Amino acid sequence: MAAVAQCVRGVLRPRYPLLSFALRTSPRLLCVATQQKNTGQNLEEDQSQSQNEQKVEPSSAEKMLTEEKAKLEEQLKEVTDKYKRALADAENVRQRSQKLVEEAKLYGIQSFCKDLLEVADILEKATESVPKEEIKDENPHLKSLYEGLVMTEVQIQKVFKKHGLLRLNPVGAKFDPYEHEALFHAPMEGKEPGTIALVSKIGYKLHGRTLRPALVGVVKEA
């Protein structure tokens, strides 16, 4: 201890003569100074350790927050996907419902039209059955009856057209199984095979959909 004090006094004598004198006169001051120095170092170490602990704690908290953020983002993504799918399903249902409503408006009269087609067929046959050579001024009653039948047939076709019901009279057209029904196939000179040579019964389409196929005779190869 004496040697340490002597060494310290030797270092401090040139710069701090008063402090060197005090240490020479009282070695206990040196012990106190040394203890205070050690205490200060211990305090610095404790503060440094506390700061390190404080640094570790925020890092752990940040890690927990990052994990929680990732979980919330994943949940948000799942909810967003479900919401988009629900919107898409609702839109599909709305479009299907709208289409059904529109089809109901267009084709709701389908059964009624089918019944009226029989009336149109009878009018057509009645008109065709009147001998053209008998329609003269000498036969005013027959002439009036024939003209009335023709006018009725024309009017009913106008009503049909107004509601989207059109005639199919496909003489000379190519056979289409979606619009025509073949009653027979027969070879005919001057006719192209696969074409319609004879229409036995007029067909009808309602808004582009075949309501009743035309009954036809189809030309086949000889």
Side-chain angles (χ1 to χ4, degrees), residues 83-222:
Y83 175 69
K84 290 180 178 179
R85 286 196 294 269
L87 284 180
D89 292 340
E91 180 63 19
N92 291 334
V93 171
R94 187 191 68 80
Q95 291 180 357
R96 286 197 297 268
S97 300
Q98 184 177 359
K99 185 177 179 181
L100 290 174
V101 170
E102 292 176 354
E103 289 183 351
K105 290 179 180 179
L106 291 175
Y107 304 107
I109 60 173
Q110 183 170 318
S111 298
F112 179 69
C113 288
K114 282 185 177 181
D115 294 336
L116 283 181
L117 294 184
E118 300 299 328
V119 178
D121 292 339
I122 294 172
L123 281 173
E124 184 179 1
K125 289 180 179 179
T127 305
E128 292 176 352
S129 64
V130 177
K132 302 299 185 291
E133 64 274 8
E134 297 294 331
I135 304 174
K136 300 177 181 179
D137 293 336
E138 290 79 7
N139 297 322
H141 300 292
L142 180 60
K143 185 178 179 180
S144 298
L145 177 60
Y146 176 77
E147 290 176 352
L149 290 174
V150 171
M151 291 177 62
T152 304
E153 186 178 3
V154 171
Q155 185 61 32
I156 198 171
Q157 290 300 326
K158 286 182 179 179
V159 174
F160 286 170
K161 186 176 181 180
K162 179 180 178 181
H163 293 280
L165 189 61
L166 301 178
R167 284 163 55 100
L168 289 177
N169 190 7
V171 177
K174 281 284 187 181
F175 177 77
D176 186 349
Y178 295 102
E179 297 182 357
H180 314 136
E181 181 178 344
L183 295 178
F184 61 88
H185 293 77
M188 294 185 183
E189 294 183 1
K191 300 290 185 179
E192 183 181 354
T195 59
I196 297 172
L198 176 67
V199 177
S200 175
K201 193 172 186 179
I202 296 295
Y204 284 88
K205 294 179 72 173
L206 179 61
H207 295 292
R209 179 186 295 180
T210 301
L211 182 64
R212 187 182 75 183
L215 303 181
V216 299
V218 183
V219 180
K220 73 174 183 178
E221 294 182 0

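This one's a predicted model, so the numbers in the text were calculated from it and none came from an experiment. Heavy-atom basis, side chains included; hydrogens, waters and symmetry copies ignored.
Between Val199 and Ile196, the shortest heavy-atom contact is CG2-CG2, 4.2 Å. Considering all non-hydrogen atoms of both residues, Leu168 and Ala214 come closest at O-CB, 3.9 Å.
With sequence neighbours excluded, the residues that form a ring pair (Phe, Tyr, Trp, His ring centres under 6.0 Å) with Phe160 are Tyr204. Partners of Ala182 under the side-chain contact (heavy atoms from CB on, under 4.5 Å) rule, at least two apart in sequence or in another chain, are Phe175, His185, Val218. A search for side-chain contact (heavy atoms from CB on, under 4.5 Å) contacts involving Glu221 returns Pro193, not counting sequence neighbours. Residues that satisfy the salt bridge (Lys or Arg N to Asp or Glu O under 4.0 Å) test with Glu189, not counting sequence neighbours, are absent from this structure. Legend: residues meeting salt bridge (Lys or Arg N to Asp or Glu O under 4.0 Å) with Lys191, ordered by chain and number and at least two apart, are absent. With sequence neighbours excluded, no residue forms a salt bridge (Lys or Arg N to Asp or Glu O under 4.0 Å) with Lys161. Applying the side-chain contact (heavy atoms from CB on, under 4.5 Å) criterion to Lys158, with sequence neighbours excluded, gives Val154, Gln155. With sequence neighbours excluded, the residues forming a side-chain contact (heavy atoms from CB on, under 4.5 Å) with Lys132 are Ile135, Tyr146, listed by chain and number.
With rounding to the nearest 0.5 angstrom, the CG atom of Leu100 is 12.0 Å from the CD atom of Gln95. Taking CG of Leu123 as the reference point, atom OG1 of Thr152 lies at 6.0 Å (rounded to 0.5 Å). To the nearest 0.5 angstrom, His180 atom NE2 is 8.0 Å from Thr210 atom OG1. Summarising the geometry, atom CG belonging to Leu206 is positioned 12.0 Å from atom CZ belonging to Phe112; distances are rounded to the nearest 0.5 Å.
Pairs passing the side-chain hydrogen bond (donor to acceptor under 3.5 Å, both in side chains) check and including a residue from residues 106-119, sequence neighbours excluded, do not occur. Identified under the salt bridge (Lys or Arg N to Asp or Glu O under 4.0 Å) test for residues 204-216, with sequence neighbours left out: Asp121-Arg212, Glu179-Lys205. Among residue pairs with one or both ends in residues 137-156, those qualifying as salt bridge (Lys or Arg N to Asp or Glu O under 4.0 Å) are Asp137-Lys143; sequence neighbours excluded. Annotation: salt bridge (Lys or Arg N to Asp or Glu O under 4.0 Å) contacts involving residues 96-110, sequence neighbours excluded, are absent.
One N or O on the side chain of Ser129 and one on the backbone of Ala126 form a donor-acceptor pair closer than 3.5 Å. Checked by atom type and distance alone, the side chain of Thr195 never pairs as donor or acceptor with a backbone atom of Ala173 at under 3.5 Å. Here the side chain of Asn169 pairs no donor or acceptor atom with the backbone of Ile202 at under 3.5 angstrom.
The shortest distance between side-chain heavy atoms of Glu192 and Lys174 falls below 4.5 Å. Considering only heavy atoms from C-beta on, Val216 stays 4.5 Å or farther from Ser200 through its side chain.
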Could you walk me through whether Leu211 and Leu165 satisfy the side-chain contact (heavy atoms from CB on, under 4.5 Å) test, starting with their C-alpha distance in whole Å, then the side-chain angles of each, then the deciding distance to 0.1 Å, before giving a yes or no?
CA-CA 9 Å; Leu211 182 64; Leu165 189 61; 3.6 Å; yes
Hey, mind stepping through Leu142 and Val130 against side-chain contact (heavy atoms from CB on, under 4.5 Å) and telling me if it holds?
CA-CA 8 Å; Leu142 180 60; Val130 177; 4.1 Å; yes
Determine, stepwise, if the pair Glu181 / Lys201 fulfils salt bridge (charged side-chain N to carboxylate O under 4.0 Å, His left out).
CA-CA 10 Å; Glu181 181 178 344; Lys201 193 172 186 179; over 6 Å; no
